[in-house]
Amino acid sequence: MSGLSDFCFDTETNSLDPLNTQLVSIAFSWEKGSGTMLWLPPEKDRAIKLLAHLRPVLENEKIRKTGQNLKFDIQVLAGYGISVRGPLFDTMLAHYLLEPDMRHNMDLLSSQYLGYEPVHIEELIGERGPRQKTMREVEKERVREYAVEDTDVTWQLMKLFEPMLIKHDLHTLAAGIEMPLIRVLAAMERDGVLLDESVLKKYAVTLREGIIRLEQEIYTFAGHEFNISSPKQLGDILFVRLRLDDNARLTKTKQYRTDEEVLQRLSGRHPIVEKVLEYRGLKKLLSTYVEALPQLVNPVTGRIHTTYNQAVASTGRLSSTNPNLQNIPVRDSEGREIRKAFIPEQGKIFLSADYSQIELRLMAHLSGDSAMISDFLSGQDIHAATASKIFGVPVADVTREMRARAKTANFGIIYGISAFGLSERLTIGRKEAKELIDGYFSSYPGVKAYMDESIRRARELGYVTTMFGRRRYLPDIHSRNQVVRGNAERNAINAPLQGSAADIIKIAMVSIASRLEREMPGAKMILQVHDELIFEVDEGRVKKLEALVREEMKGAAELSVPLEVDTGTGYNWLEAH
DNA sequence: CCCAGCACGC
DNA sequence: GACGTACGTGCTGGGT
């Protein structure tokens with residue numbers, strides 16, 4: 001393999017959890033139709049010795065590595081002391097850039113692009129369930145056949161996708177952002193974050209007490225016991241037995257709607273409603289976070305290791321699963337308690353850094369609206385500035401209410417809201433909402449023009465793009481169904497904003513990771529929450545880290561408005577945020 | 001096992 | 001008259 005500049009590899013393992021798995025084999029291909037496999041013994045020390053022969057290749061900075069979902073293979077090899085270096089080409093991510101709304105698993109790509117059906121993993125290890133075997137238990141020659149075929153297919157997909165990326169102007173985004181990010185995410189996932197289980201244990205007791213108390217109160221109001229967590233049963237209690245609203249709205253399955261919005265409106269009519277809202281909140285905290293998080297602590301590392309999915313969100317954002325660390329509560333005080341359980345290890349501290357108003361700043365930049373650009377340049381509170389314009393009063397005279405409405409309008413604009421949507425959100429009349437929107441567009445005429453232009457381009461090209469060329473196809477933009485079309489039009493407005501923000505933070509993550517490696521190897525980037533990054537660092541070095549992070553986040557893109565970054569430090573996630 | 005309803009984040 | 005703000009993940013209930 002010496003002299004190679006480019007090859008494809010794939011690991012076979014005993015488990016899909018890369019942090020706690022055993023390597024069974026590693027296969028290679030660098031020529032269509034052929035490949036080879038190294039079979040590894042179950043004893044880890046022996047496997048490591050064998051793998052050492054491959055180190056000069058796998059760790060070679062000059063040799064590009066191709067694979068399907070390389071983050072997994074990189075993590076597995078990290079567990080065997082191999083640090084995969086050099087450029088990467090991930091066929092899953094390549095296809096994600098080419099067709100963000102489609103699925104990207106290898107079997108599908110193979111049949112779709114190569115017209116070839118590879119051997120299915122179930123043919124080796126059996127169907128999912130208690131009788132499923134591990135790769136280790138499969139005969140070596142059968143594994144070889146399967147593994148080599150996979151690398152061959154992946155190699156061929158790379159040969160196909162790379163020119164396609166170039167043709168669609170996606171190659172810079174791929175080679176400059178998405179591919180380098182793989183290694184960054186692999187390290188973040190492997191590092192994980194420490195959870196103070198005692199915080200959650202104590203909180204669980206409080207929550208359970210509250211839930212039991214509320215259950216009794218609700219049963220008393222209802223006249224009998226029922227399952228409060230069943231929207232069907234709850235709907236019957238509220239709207240049949242208690243008849244709180246004879247014009248209650250129904251879901252598409254003809255059940256009574258009992259979501260928060262409905263309940264809020266009903267809350268003055270009967271004391272049961274408030275109790276149900278409170279019950280729902282506590283139940284959510286208990287089941288989704290307080291009880292679930294401790295079960296996801298890795299017994300070996302003692303930390304929580306989320307998985308970032310780099311190929312699911314059609315706008316270019318990351319998502320997080322097992323657990324989802326991107327939806328940890330922050331808004332109300334009960335929920336915020338959960339954040340206290342995320343802590344740095346002894347002697348370290350968290351640094352949190354988040355982009356301030358990045359999507360609205362991108363709206364200012366992409367639209368070129370001079371009023372919005374000046375509002376950002378002046379450094380004043382953007383929502384107050386918007387309120388001052390749409391309500392025609394000096395900034396000093398903007399009331400809390402006016403600012404709140406302007407803030408809702410600003411968010412609505414990013415999402416392509418309608419007058420109807422805004423009126424619902426602000427609980428004001430349609431006419432008033434329309435006036436508000438008209439006022440908004442006459443204050444920021446460039447924003448209106450930009451929104452129209454985004455829709456026009458989507459119609460003309462069939463897709464919209466971010467600042468860095470990421471595409472989102474919007475075939476529904478031509479639909480005769482106005483609901484479907486309206487959805488596509490909102491996507492035409494939102495996708496370039498949300499997607500450019502995703503591009504920018506990814507650029508920042510790649511550059512921060514590379515600087516940390518050289519300049520502050522002790523500091524770790526551990527979490528990403530769309531516009532926010534969390535770091536764990538020695539207490540004494542947090543100031544230096546803050547400066548580095550600010551510099552790289554602000555410098556990730558050159559906009560016609562400044563990219564502001566807010567930072568905080570603390571001994572748990574709540575304190576740092 | 002899958003879908004609906006709901007709720008958490010940005 | 002109907003229409004209802006983008007992107008996600010996960011839990012529970014309820015039907016199969």
Side-chain angles (χ1 to χ4, degrees), chain A residues 100-101 128-129 226-235 249-263 276-277 279-293 296 306-309 311-332 334-336 338-339 354-355 357-360 363 408-426 430 433 437 464 472 474 481-499 501-502 505 527-532 573 577:
Chain A
D101 285 310
R128 206 148 47 92
F226 66 102
N227 189 340
I228 309 164
S229 297
S230 160
K232 187 175 150 76
Q233 295 181 37
L234 178 64
R249 300 155 77 184
L250 303 177
T251 65
K252 55 187 159 192
T253 54
K254 307 278 192 285
Q255 279 188 43
Y256 292 109
R257 262 185 64 185
T258 66
D259 61 22
E260 178 164 9
E261 188 193 332
V262 168
L263 263 38
V276 170
L277 280 166
Y279 173 87
R280 283 239 178 102
L282 299 192
K283 264 276 193 179
K284 171 81 177 175
L285 290 180
L286 187 66
S287 62
T288 306
Y289 305 104
V290 175
E291 288 179 335
L293 287 171
L296 289 159
T306 188
T307 299
Y308 289 103
N309 198 329
V312 286
S314 39
T315 53
R317 274 190 178 177
L318 301 176
S319 73
S320 154
T321 55
N322 290 314
N324 181 355
L325 293 184
Q326 294 182 323
N327 75 342
I328 303 300
V330 70
R331 287 176 194 175
D332 58 80
E334 293 80 14
R336 292 164 81 96
I338 313 286
R339 293 202 170 214
D354 65 284
Y355 282 114
Q357 300 295 344
I358 188 165
E359 290 183 17
L360 207 53
M363 176 59 103
T408 305
N410 273 332
F411 274 107
I413 286 298
I414 291 165
Y415 298 144
I417 201 173
S418 63
F420 192 94
L422 190 65
S423 70
E424 285 291 313
R425 193 132 272 256
L426 291 172
R430 291 271 290 278
I437 290 175
V464 291
R472 173 137 192 217
L474 298 167
N481 180 329
Q482 67 166 7
V483 179
V484 174
R485 188 177 65 249
N487 194 33
E489 289 172 355
R490 285 191 296 280
N491 282 325
I493 295 162
N494 176 260
L497 302 169
Q498 193 180 116
I505 197 164
L527 297 174
Q528 191 253 41
V529 189
H530 308 306
D531 61 2
E532 173 189 16
W573 192 359
H577 186 76

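Since this is a predicted model, take the numbers as computed values, not measurements.
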Measure from the side chain of A/A292, starting at C-beta and using heavy atoms only, and say which of C/dC11, C/dC3, C/dG13 lies closest.
C/dC11
Intra- and inter-strand pairing of DNA chain C, written as dot-bracket with Watson-Crick and G-U pairs under 3.5 Å and | for the latter, reads ......|||||||||.
Answer with base, sugar-phosphate or nothing: what part of the nucleic acid does A/E261 contact at a heavy-atom distance below 4.0 Å?
base
Take A/I414 and A/L360 through the test side-chain contact (heavy atoms from CB on, under 4.5 Å) and record every step on the way to the result.
CA-CA 7 Å; A/I414 291 165; A/L360 207 53; 3.9 Å; yes
Apply salt bridge (charged side-chain N to carboxylate O under 4.0 Å, His left out) to residues A/E359 and A/R317 and explain how you reach the verdict.
CA-CA 13 Å; A/E359 290 183 17; A/R317 274 190 178 177; 3.6 Å; yes
Can you tell me how far the OG1 atom of A/T307 sits from the CG atom of A/L318, to the nearest 0.5 Å?
12.0 Å
Under 3.5 Å, side chain of A/T408 to main-chain N/O of A/F411, donor-acceptor pair present?
no
Atom of A/E532, atom of A/I505 and distance for their closest heavy-atom approach
N-CD1, 3.6 Å
Grab the CD1-P distance between A/I328 and C/dG10 for me, whole Å please.
11 Å
Heavy atoms only, 4.0 Å cut-off, all strands: where does A/S423 land among base, sugar-phosphate and nothing?
nothing
Measuring from the side chain of A/S319 (C-beta onward, heavy atoms only), which nucleotide among C/dC3, C/dG14, C/dT9 has the closest atom?
C/dT9
Mind calculating the distance between CZ (A/R485) and C1' (C/dC3) to the nearest angstrom?
12 Å
Heavy atoms of A/L422 and A/A409 approach each other most closely as CD1-CA, 4.2 Å
C/dC7 P sits how many Å from A/L474 CG, rounded?
9 Å
Those residues that, when tested against A/Y279, pass ring pair (Phe, Tyr, Trp, His ring centres under 6.0 Å) (two or more places apart)
none
How would you label the contact of A/Q482 with the nucleic acid (heavy atoms, under 4.0 Å): base, sugar-phosphate, or nothing?
base
Looking only at side-chain N and O atoms, does A/R490 come under 4.0 Å of OP1 or OP2 in C/dA6?
yes
When you compare B/dC6 with C/dA2, how far apart are their C1' atoms, in angstrom units rounded to a whole number?
24 Å
Please report, rounded to the nearest Å, how far the C1' atom of C/dG8 is from the CG atom of A/N322.
14 Å
OP1, OP2 of C/dC7 versus side-chain N and O of A/N491: anything below 4.0 Å?
yes
Tell me: NZ of A/K283 to P of C/dC11, nearest whole Å?
13 Å
Please determine, for the side chain of A/V312, which listed nucleotide (C/dT9, C/dA6, C/dG15) has the closest atom?
C/dT9
Just call it for A/N309: base, sugar-phosphate, or nothing, with non-hydrogen atoms closer than 4.0 Å on any strand.
nothing
Nearest heavy-atom pair of A/L277 and A/E260: which atoms, and what distance?
CD2-CG, 4.0 Å
Nearest nucleotide by nearest heavy atom, which residue falls closer to the 5' end of DNA chain C, A/D101 or A/S229?
A/D101
Between atom CD1 of A/I358 and atom NE2 of A/H530, what is the distance when rounded to the nearest 0.5 Å?
13.0 Å
Ignoring hydrogens and angles, tell me if any N or O in the side chain of A/Q326 forms a donor-acceptor pair with the backbone of A/Q528 under 3.5 Å.
yes
Tell me the interatomic distance from A/Q326, atom CD, to C/dG8, atom P, rounded to whole angstroms.
11 Å
Whether the side chain of A/T306 engages the backbone of A/N322 through a donor-acceptor N/O pair (distance < 3.5 Å, no angle test) should be reported.
no
Under 4.0 angstrom, heavy atoms only, what part of the nucleic acid is A/R280 near: base, sugar-phosphate, or nothing?
sugar-phosphate
Mind checking A/F411 for me? I need base, sugar-phosphate or nothing, with any heavy atom below 4.0 Å counting as a touch.
nothing
What's A/E359 touching, base or sugar-phosphate or nothing? Going by heavy atoms closer than 4.0 Å.
nothing
Protein-nucleotide distance (A/L325, atom CG; C/dG10, atom C1'), rounded to Å:
13 Å
Which nucleotide span of DNA chain B, 5' end to 3' end, has atoms closer than 4.0 Å to non-hydrogen atoms of chain A?
B/dA4 to B/dC10
Give A/G421 one of three labels, base, sugar-phosphate or nothing, depending on what nucleic acid heavy atoms sit under 4.0 Å from its own.
base
For C/dG8, does OP1 or OP2 lie under 4.0 Å from any side-chain N or O of A/Q498?
no
Picking from C/dG8, C/dA6, C/dG15, the nucleotide nearest the side-chain atoms of A/A313 would be C/dG8
How many Å lie between CD1 on A/I505 and P on C/dG8, as a whole number?
17 Å
Take atom C1' in B/dA7 and the same atom in C/dG1, then report the distance between them in whole Å.
31 Å
